[in-house]
Visitor: 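First the structure, which I've put down as structure tokens, then a few questions once you've had a look.
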Protein chains: 2
Amino acid sequence: MERTTAQRKAIHTVLEKSGRPLSPPEIFQEARHMAPGLGMATVYRTIKRLIDDQAIAQVGLPGEAPRYERAGMQHHHHFRCTSCHRVFDWFGCACPCEGNAPNGFEVQGHEIYLFGRCDECVARTRTTVS
Amino acid sequence: MERTTAQRKAIHTVLEKSGRPLSPPEIFQEARHMAPGLGMATVYRTIKRLIDDQAIAQVGLPGEAPRYERAGMQHHHHFRCTSCHRVFDWFGCACPCEGNAPNGFEVQGHEIYLFGRCDECVARTRTTVS
DNA sequence: ATCTTTGCAAAACCTTTGCACTGCG
DNA sequence: CGCAGTGCAAAGGTTTTGCAAAGAT
């Protein structure tokens, strides 16, 4: 039977409240504020369970370690700023990918990642260079 | 100055000739045929250098370890079969992603991954279930 | 002969697992 | 109380690094 513990609640809350996908170390650091003495192993074990429970989802950015964000969000993808390296949610997906599948292939889903510079970094450059 | 060695040639050849992205262990195993005694460290060191030289490119599938393929291919993305787990090149990108960027964001590039079943797996199921 | 590149082994990471203890129910 | 959940430390994997030896030019 599933038990409610301070650690699990802390980890879940951190992911619920974060507006962006977090890595295990980031989750660890944040959750520690709410659950002192928390161990890294518990973070990994809890992540696994939350995924099984469909409470969170894995976000695997190309070439990077997986991050995690709360599940149940509307269809979206991600934008990584090549300047500040932050990852943003992106809801502008209008990709007709499914239609262009190779012959005989059956597309079940897709992932899109945009790379570029976020609004803040674009603005910073403008004023700095001018 | 850059030197031509059997190991480097072997690794480069393996990636040139492969029609799909390879992981370091796959490269290691293949290149060993051409360069006996090859060490894993050399594979990693050579991959890094080939990327710097723009001879190969990293292919980071979401949630998986990076693979590598030769650079300079025409614009394409990847399709991973959820049944046989192979990764295929996909040239049907007609994604208008760049246009839908969030306000103030500057898109420099994009990556797309399709998931589904490849032609062989689709055919296999048909004949098996029928 | 010089100086890059290599193989090996050790180190540095990250993630998982074993186990005795904690604490929820 | 009983057993799921935890922390710690050890184990597993993968990638990187140090260093003496090999080899290309």
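Letters A, B, ... are given to chains in the order of the sequence lines, protein chains preceding strands, and every chain is numbered from 1. Since the model is a prediction, treat every value here as computed from it, not as a measurement.
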Visitor: For A:Glu120, which residues count as a side-chain contact (heavy atoms from CB on, under 4.5 Å) partner, sequence neighbours excluded?
Guide: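 With sequence neighbours excluded, A:Glu120 shows a side-chain contact (heavy atoms from CB on, under 4.5 Å) to A:Arg86, A:Cys118, given in chain and number order.
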Visitor: Show me, pair by pair, the donor-acceptor contacts under 3.5 angstrom made by side chains of residues 45-62 of chain A, not counting sequence neighbours?
Guide:
unit_1: A:Thr46; atom_1: OG1; unit_2: A:Thr42; atom_2: O; d: 2.7
unit_1: A:Arg49; atom_1: NH1; unit_2: A:Glu2; atom_2: OE1; d: 2.7

Visitor: Does D:dT25 have OP1 or OP2 under 4.0 Å away from a side-chain N or O of B:Thr4?
Guide: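 B:Thr4 to D:dT25 OP1/OP2: side-chain N or O found under 4.0 Å.
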Visitor: Among the clusters formed by ILVMFWY side chains lying less than 4.5 Å apart, do A:Tyr113 and B:Val87 turn up in the same one?
Guide: yes
Visitor: In whole angstrom, what separates A:Glu26's CD from C:dC14's P?
Guide: 12 Å
Visitor: In whole angstroms, how far is the C1' atom of D:dG5 from the NZ atom of A:Lys9?
Guide: 14 Å
Visitor: Please state whether the phosphate of D:dA4, meaning OP1 or OP2, lies under 4.0 angstrom from any side-chain nitrogen or oxygen of A:Arg49.
Guide: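 The answer is no; no side-chain N or O of A:Arg49 sits under 4.0 Å from OP1 or OP2.
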Visitor: Among all residues two or more places apart in sequence or in another chain, which pass the side-chain contact (heavy atoms from CB on, under 4.5 Å) test with B:Met34?
Guide: B:Ala10, B:Thr13, B:Val14
Visitor: How long is the line joining CD1 of A:Ile27 and P of C:dC14, in whole Å?
Guide: 14 Å
Visitor: Who pairs with A:His33 by side-chain contact (heavy atoms from CB on, under 4.5 Å), at least two apart in sequence or on another chain?
Guide: A:Glu30
Visitor: So, OP1 or OP2 of D:dA22: does either fall under 4.0 Å of a side-chain N or O from B:Gln7?
Guide: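 B:Gln7 to D:dA22 OP1/OP2: no side-chain N or O under 4.0 Å.
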Visitor: Classify the ring geometry between A:Phe79 and A:Phe88 as parallel (under 30°), tilted (30 to 60°) or perpendicular (over 60°).
Guide: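 A:Phe79 and A:Phe88: perpendicular rings.
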Visitor: Pairs under 3.5 angstrom only: tabulate donor-acceptor contacts from the side chains of residues 66-73 of chain A to other protein residues two or more places apart or in another chain.
Guide:
unit_1: A:Arg67; atom_1: NH2; unit_2: A:Glu64; atom_2: OE1; d: 2.8
unit_1: A:Glu69; atom_1: OE1; unit_2: A:His78; atom_2: NE2; d: 3.4
unit_1: A:Glu69; atom_1: OE2; unit_2: A:His76; atom_2: NE2; d: 2.8
unit_1: A:Glu69; atom_1: OE2; unit_2: A:His78; atom_2: NE2; d: 3.4

Visitor: Name the nucleic acid region contacted by B:Arg45, choosing base, sugar-phosphate or nothing; use a 4.0 angstrom heavy-atom cut-off, strictly under.
Guide: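 Contact class for B:Arg45: base.
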Visitor: Does the side chain of A:Thr5 get closer than 4.0 angstrom to OP1 or OP2 of D:dT6 through an N or O atom?
Guide: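 Yes, such a contact exists.
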Visitor: May I ask you to verify if any side-chain N or O of A:Thr42 is less than 4.0 angstrom from the OP1 or OP2 atom of D:dG7?
Guide: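 True: A:Thr42 side-chain N/O within range (under 4.0 Å) of D:dG7 OP1/OP2.
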Visitor: Please give, in whole Å, the distance from C:dC3 P to B:Glu2 CD?
Guide: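 The answer, rounded to whole Å, is 18 Å.
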Visitor: Rounding to a whole Å, what distance do you find between A:Asp52:CG and D:dA4:P?
Guide: 16 Å
Visitor: Start at the 5' end of DNA chain D and walk down; is the nucleotide closest to B:Arg3 or to B:Pro66 reached first?
Guide: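 The answer here is B:Pro66.
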Visitor: Establish, with yes or no, whether the OP1 or OP2 oxygen of D:dG5 is under 4.0 angstrom from a side-chain nitrogen or oxygen of A:Arg8.
Guide: yes
Visitor: Please work out which residues in residues 28-40 of chain B have a non-hydrogen atom less than 4.0 Å from an atom of DNA chain C and list them by number.
Guide: B:Gly37, B:Leu38, B:Gly39
